[in-house]
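Below is one structure, written out as structure tokens; comments come after it.
All ligand and atom numbering here is 1-based and tracks the order in the structure. These numbers come from the heavy atoms of this one structure, side chains and all, not from hydrogens, waters or symmetry mates.
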Amino acid sequence: MLVSAKEMLEKAKKGHYAVGQFNINNLEWTRSILQTAEELKSPVILGVSEGAGKWMVGYHTVVGMVNGMLKDMSITVPVALHLDHGSYEGALACIEAGFSSIMFDGSHCPIEENIEKTKELVKLTTEKGISIEAEVGSIGGEEDGVVGAGECADPQECKMIADLGVTMLAAGIGNIHGKYPANWKGLSFETLDAIQKLTGDLPLVLHGGTGIPADMIKKAIDLGVSKINVNTECQLSFAEATRKYIEDGKDLQGKGYDPRKLLKPGAEAIKETVKEKMELFGSIGKA
Ligand code: 13P
């Protein structure tokens, strides 16, 4: 059964580790992540952007697929199905479809509007036992059509949003979606520290988990990050393994064109990436 992300994140915050949110794009992706989480006894959050939700036909299809896998794969670890960077309408649609967690990304609105809409969604999610993530500041770069300038969050605004009763808070601290540019200045630990001091026990979320060096990840966890989002890195490992399969001419040997064979190396590569991240985040054995 899908669970809210609340309990797993509160445990992570207390235990000084982070739970990974891995974004899903299709059935193979989802299976690889769930298999790895089960094998390593790690809690896990499956992230679905609005674009990926559409690609996978729609939110009901996603909920049906994930619920089916939890049963058919006898998954015992805690799994949350979470809308990533949701609009207000997207959040409502996911609640209706059966997601166990949502993100409302109001970071593009004026803070008053962000507060107002987050507040409404907190009321709704609390009634339904669903977890909710809010965002302040912005994550740089582009994630499935959501573009951010990457400004650091204002800690006072973070406190205002935290006080609404959200389950977790994503704050821009110099992090970027996608690959980090060579001249990236790194995470602003000063901002993170100030936010954590004002928001106390609230689990903080680090977006743009792809390509952040291990020492920065560890420091972010020390400063209160309990959820780390990874998307691009799984896409890169999937693409690289698939390219190799084709460049080696394997699709032309025997029945190598069979989609189950064609997609297998990429699916295996995702497992490896998820495992590395779970090791780094410290979530193994915490289910
Ligand atoms: P990356 O694609 O940079 O790993 O970021 C993922 C993310 O933050 C999803 O919200």
inquiry  = Considering non-hydrogen atoms of the protein only, which is the closest contact for atom 3 (O) of ligand 1, and what is the distance?
reply    = Gly178 N, 2.8 Å
inquiry  = Using a 3.5 Å distance criterion without hydrogens, assess whether the side chain of Glu157 forms a donor-acceptor pair with backbone atoms of Ile111.
reply    = no
key: Per-residue contact class, His85 against ligand 1 - non-hydrogen pairs under 4.0 Å   = side chain
task = Say whether His177 and ligand 1 are in contact under the criterion: heavy-atom distance to a ligand atom below 4.0 Å.
result = yes
ask   = Could an N or O of ligand 1 be found under 3.5 Å from any N or O of Val230, whether backbone or side chain?
value = no
query = Closest non-hydrogen protein atom to atom 8 (O) of ligand 1, residue and atom name please, with distance?
reply = Gly208 N, 2.8 Å
task = Verify, without hydrogens or angle tests, whether Asn114 (side chain) and Glu135 (backbone) share a donor-acceptor contact under 3.5 angstrom.
result = yes
request  = Decide side chain to side chain donor-acceptor pair (under 3.5 Å) for Thr76 and Glu38; before the verdict, give the C-alpha distance in whole Å, the side-chain angles of both, and the deciding distance to 0.1 Å.
outcome  = CA-CA 7 Å; Thr76 60; Glu38 185 64 29; 2.7 Å; yes
message = Check contact between Gly47 and ligand 1, using heavy atoms of the residue and a distance below 4.0 angstrom.
response = no
ask   = Side chains of Gln253 and Lys261: is there a donor and an acceptor less than 3.5 Å apart?
value = no
query = Would you say Gln21 and ligand 1 have an N/O pair spaced under 3.5 Å apart?
reply = no
inquiry  = Testing the basics here: between Ile24 and Trp29, what is the closest heavy-atom pair and its distance to 0.1 Å?
reply    = CA-CD1, 3.8 Å
Short side-chain donor-acceptor distance under 3.5 Å, His60 and Glu96 = yes
message = Heavy atoms only: which of Asn23, Asp84, Thr232 lies closest to atom 10 (O) of ligand 1?
response = Asp84
ask   = Hey, are Ser237 and Glu272 close enough side-chain-wise for a donor-acceptor pair under 3.5 Å?
value = no
message = For atom 4 (O) of ligand 1, what's the nearest protein heavy-atom neighbour? Residue, atom name and distance, please.
response = Thr210 OG1, 2.5 Å
query = Can an N or O of Asn231 be found at a distance shorter than 3.5 Å from an N or O of ligand 1?
reply = yes
